[in-house]
S.K.: 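Before I ask anything, here is the structure I am working with.
We name chains A, B, ... by the order of the sequence lines, and we start the count at 1 in each one.
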Amino acid sequence: MVQIELSDIWIIIPAYNEAAVIASVLEPLISRKYHVVVVDDGSTDDTSKISRRAGVYVLRHAVNVGQGAALQTGIIFALGEGAKFICTYDADGQHSPDDIPVLAQHLCDANADVALGSRFLGSTENLPLVKRLVLKTAVLFTGMHTRLKLTDTHNGLRLMTANAARAIRLQQPRMAHASEILASISQHQLAYIEVPVRVFYTKYSKQKGQSVFDSLKILFDLLIARRLK
Amino acid sequence: MIIQIVLTVILVYLVAKVVSQPLFSSLAKVGTLVVVAAGILFVFWPSVTNSIAHVMGVGRGADLFSYLAISVGSVILFGFYLRVRSLELRNVELVRQLAIQQFYIERSNSGPVAKGS
């Protein structure tokens, strides 16, 4: 069984106008000695400046191109720097840094390629009803699309091996990347495991989150991408 | 009569613009010429569209024209979507390469200590 040194984990945080919270998101990660990469996706606020001051790696997109594109930029960079494990992590403070070692432990125990966080196996705080319905619908749709049996398909907290990260090459620049990651897991027959994690919905994260209309756009992107393959 | 002149001027202007643009392929230019020629024919002799519609099993020329306009418009729109999508992906690749290169340039300028500066 492979053991994961937590210092081998590179955390990729796509961020767009997160100056209000990015320092508090980075602080517990830095104190735990992770390698942290913030990909500033063309923010117009001080996201880059604050992240640089915190002492993490900062890559800055010249213009806003989308969360999926930012994640892929961070993954390419981290792999180039010799990352052994890649963790994707949202910038809005929804995740708990304490869940990362839990993901690592499950990834090791199951000898899996990818550990996917699940808020429905774990817990949520202040999850709005409409959001819950949208997420459950996404689980149904993604299950049909990828044939993966999952309880939470759009959780930003994931841990994967470097080989899995190389196999999952994100083409969807905007929000459809979450489904695209799962489709890649299915396509490349990567071993995956779902891990209970906590997701905290704050007033801030609810404002930054996806609307029902965004979900329809994601669906459209996925359908078109499927037709173009 | 006035509407026929206005439509003809618009169609002739369209074909002149397309033919004079080096960006358009020969196929696009010929296609535009054919469409504009058919357009002028229908503008001056609208009864021709009725005859063609009857041959194709459609009640009226105006209906046939609507069906064709919607079909051709949808194809063109989808073509534009694909082109925009392709440009978007190329743009993403450029932005990505720029971000990564910029990082290494800044790091080499500031020394090995600072990660992000």
S.K.: Identify the heavy atoms of A:A69 and B:V92 that sit nearest to each other, and give their distance.
M.R.: CB-CG1, 3.6 Å
S.K.: If the threshold is 4.0 Å, N to carboxylate O, is there a salt bridge linking B:E106 and A:R52?
M.R.: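 A salt bridge links B:E106 with A:R52.
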S.K.: Just verifying a value: how many Å separate A:Y57 OH and B:F103 CZ, rounded to the nearest 0.5 Å?
M.R.: 6.5 Å
S.K.: For residues B:R96 and A:T73, report the shortest heavy-atom separation together with the two atoms involved.
M.R.: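 Taking every non-hydrogen atom into account, NE-OG1, 2.9 Å.
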S.K.: To the nearest 0.5 Å, what is the distance between NE2 on A:H61 and CG on B:L94?
M.R.: 11.5 Å
S.K.: Taking atom CD of B:Q21 as the centre, does the number of heavy atoms from other residues, nucleotides or ligands within less than 6.0 Å exceed 12?
M.R.: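 Yes, the 6.0 Å shell around CD holds more than 12 heavy atoms from other groups.
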S.K.: State whether the number of non-hydrogen atoms from other residues, nucleotides or ligands found under 6.0 Å of B:I105 atom CD1 is greater than 12.
M.R.: yes
S.K.: Decide if atom OH of B:Y67 counts as having more than 12 heavy atoms of other residues, nucleotides or ligands within a radius under 6.0 Å.
M.R.: no
S.K.: Does B:F42 CZ have over 12 foreign heavy atoms under 6.0 Å away?
M.R.: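 For B:F42, atom CZ is crowded (more than 12 foreign heavy atoms under 6.0 Å).
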S.K.: Please give me the minimum heavy-atom distance between A:A62 and B:V95, naming the atom from each residue.
M.R.: N-CG1, 3.8 Å
S.K.: More than 12 foreign heavy atoms under 6.0 Å from OH of B:Y13: is that the case here?
M.R.: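 12 or below, so no.
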S.K.: Quick one: what part of B:E88 sits under 4.5 Å from any heavy atom of chain A, side chain, backbone, both or neither?
M.R.: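 The side chain, not the backbone.
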S.K.: For A:K84, is the NZ atom crowded, meaning more than 12 foreign heavy atoms sit under 6.0 Å from it?
M.R.: no
